[in-house]
**Q** 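Please find one structure pasted underneath; my questions will follow.
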Number of protein chains: 2
Amino acid sequence: MTSTPLTRSEAKSQTRRKLIRAALAILDAEGEAGLTTVKVAKAAGIAQSSFYVHFKDRQELLRVLAEEGGARLRTAMREARRQAREHPDDLERHRETFRIPLEAICRHPELLRIQLRARHDPSSSLQEFAAERAAAYREHHAADLAALGYTADDERDRRRLEMIADGINAATNALAIGHVEGRYPDLDECADILVALSRGALRLLRATSTRSEEGDPH
Amino acid sequence: MTSTPLTRSEAKSQTRRKLIRAALAILDAEGEAGLTTVKVAKAAGIAQSSFYVHFKDRQELLRVLAEEGGARLRTAMREARRQAREHPDDLERHRETFRIPLEAICRHPELLRIQLRARHDPSSSLQEFAAERAAAYREHHAADLAALGYTADDERDRRRLEMIADGINAATNALAIGHVEGRYPDLDECADILVALSRGALRLLRATSTRSEEGDPH
DNA sequence: AATTTCACCGATAGTACTATCGGTGAAAAA
DNA sequence: TTTTTCACCGATAGTACTATCGGTGAAATT
């Protein structure tokens, strides 16, 4: 049907894309242990040995996949923060703060699954990717708390913000996975829960900052 | 020094224990992919082939490890609930509700790490173990919410309780891991955060149950 | 004391994967 | 047109692991 008048480099990068797409699918479906050059090459429709035309070794494929995931993550997060800024209304904005990461996760749930696996797997080559994702979310959430007026001055406060971001992040991931797995059909319900959890944390921050500053001007 | 007048079966079960201990350590340190009969046998000080005197195959070892982990988990959880009942004071009790699972996790962090990995790894043989642990915590927390007077009547409410339990559970795991990794030195601080998050969720439940009763035009 | 049992051993067949090598034909360059 | 390049191929060496087998000696049984 479609004629394919491709230049050599076009054909090559097309094959490379095929390999990467196949690898991501296999990584998601079978885990890092199931990601073999045999399977990836077969799924991409080339000979196993041709895998090495595109990647120096299996390790390099993993590295590239991590970069790929990192790039998608950064893009999604940037977009999320951009959209969030467009909702000046405080309540609605707070909700968007959670709906947007949830949606970002649900767009590529395999990236989260891969990351969650890698994070606690000492044999994984994707630890860096996992760390990057965690840091990105922590930033996202920290910036959000800062926008609400909560800044961390001393060591203890900073640790507390980090713990809150960590906890909310973990909850966000859990609910997003639950949504993807079909247990929580409505993303808005997920966002509501996260808003509620988050409000509890805010109340804690408010309570103790008031207590420590005694005469809080409000 | 110590004489070893062991019967044959004593010696055998001792070797078996050595294998299981070695396997748990390797599983924690290198992940499921790194758990080979070669390494386990070597770490336990026996020949690789002797591994098969104790286990039918590699799969059976995994199964036994999961049972082992499940048993430890159940014991820890039972103990936790027993202790929690001893604190009638409401505020302190609420805090204990979180400190106790946190401590249970920190006593055997490798079990949590193994579980978190297995949970999202399709190639893992420990999915059942992971599911059991998740269900156990959900029960723990659901019973706790029920004790506070929150019962789920309709589908939506039940789902909400499940989401809350899921979210709090994820946050608990995240903070416990953070403690084990040295980022959050004080477990009480972790418990405080969890109490705060949990209070936010409780407020949501209170708010909407009131609202739905008010607006219910029966 | 004679016999049986069995936990453990070394050797090895079988399996799955990684990575390399020389060959091929079509695209690209000369 | 002639030559060079190179993406892809099949074959295969090398590696790591699983699981089985027959042999051994000391414990257990008779």
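A, B, ... follow the sequence lines: proteins, then strands. Residue 1 opens every chain. Only heavy atoms go into these numbers, but all of them, side chains included; no hydrogens, no water, no symmetry mates.
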**Q** Any salt bridge linking B:Arg159 with A:Asp186? Criterion: basic side-chain nitrogen under 4.0 Å from a carboxylate oxygen.
**A** no
**Q** Would you say B:Ser50 places a side-chain N or O within less than 4.0 Å of OP1 or OP2 belonging to C:dA7?
**A** no
**Q** Once you apply a heavy-atom cut-off of 4.0 Å, does A:Arg58 come out as touching a base, just sugar-phosphate, or nothing?
**A** sugar-phosphate
**Q** Give the rounded distance in Å between these two atoms: CD of A:Glu30 and C1' of C:dA16.
**A** 14 Å
**Q** Whole angstrom is fine here: how far is it from NZ in A:Lys42 over to P in C:dC17?
**A** 10 Å
**Q** Residues in side-chain contact (heavy atoms from CB on, under 4.5 Å) with A:Arg72, at least two apart?
**A** A:Leu24, A:Glu68, A:His108, A:Glu110, A:Leu111
**Q** With both distances under 3.5 Å as the test, what is the Watson-Crick or G-U wobble partner of C:dG22?
**A** D:dC9
**Q** Reading DNA chain C from 5' onward, which residue's closest nucleotide shows up sooner: A:Ser9 or B:Val53?
**A** B:Val53
**Q** Hey, which sits more toward the 5' end of DNA chain D by its nearest nucleotide, A:Arg8 or A:Ala47?
**A** A:Arg8
**Q** Let me spell it out: for each of A:Ala11 and A:Gln48, pick the nucleotide of DNA chain D with the closest heavy atom. Which residue's pick is nearer the 5' end?
**A** A:Ala11
**Q** Expressed as a whole number of angstroms, how long is the span from B:Leu35:CG to D:dA16:P?
**A** 18 Å
**Q** Please report the distance, rounded to the nearest Å, between CZ in B:Phe51 and P in D:dA19.
**A** 8 Å
**Q** Is there a side-chain contact between B:Thr15 and the phosphate of C:dA7, meaning an N or O under 4.0 Å from OP1 or OP2?
**A** no
**Q** Distance check needed: C:dC17 P versus A:Asp57 CG, whole Å only.
**A** 17 Å
**Q** Can you see whether A:Glu30 engages B:Ser123 through a side-chain donor-acceptor pair at a distance of less than 3.5 angstrom?
**A** no
**Q** Does A:Ser49 place a side-chain N or O at less than 4.0 Å from the phosphate oxygens OP1/OP2 of D:dG10?
**A** no
**Q** NZ of B:Lys39 versus P of D:dT18: gap in Å, rounded?
**A** 9 Å
**Q** Rounded to whole angstrom units, what separation is found between the NZ atom of A:Lys18 and the P atom of D:dC8?
**A** 9 Å
**Q** Please tell me whether B:Tyr137 and B:Asn173 have a donor and an acceptor in their side chains that are separated by less than 3.5 angstrom.
**A** no
**Q** Nearest whole Å is fine: how far is D:dC17 P from B:Tyr52 OH?
**A** 12 Å
**Q** Can you tell me how far CD1 of A:Ile164 sits from OG of A:Ser198, rounded to the nearest 0.5 angstrom?
**A** 8.5 Å
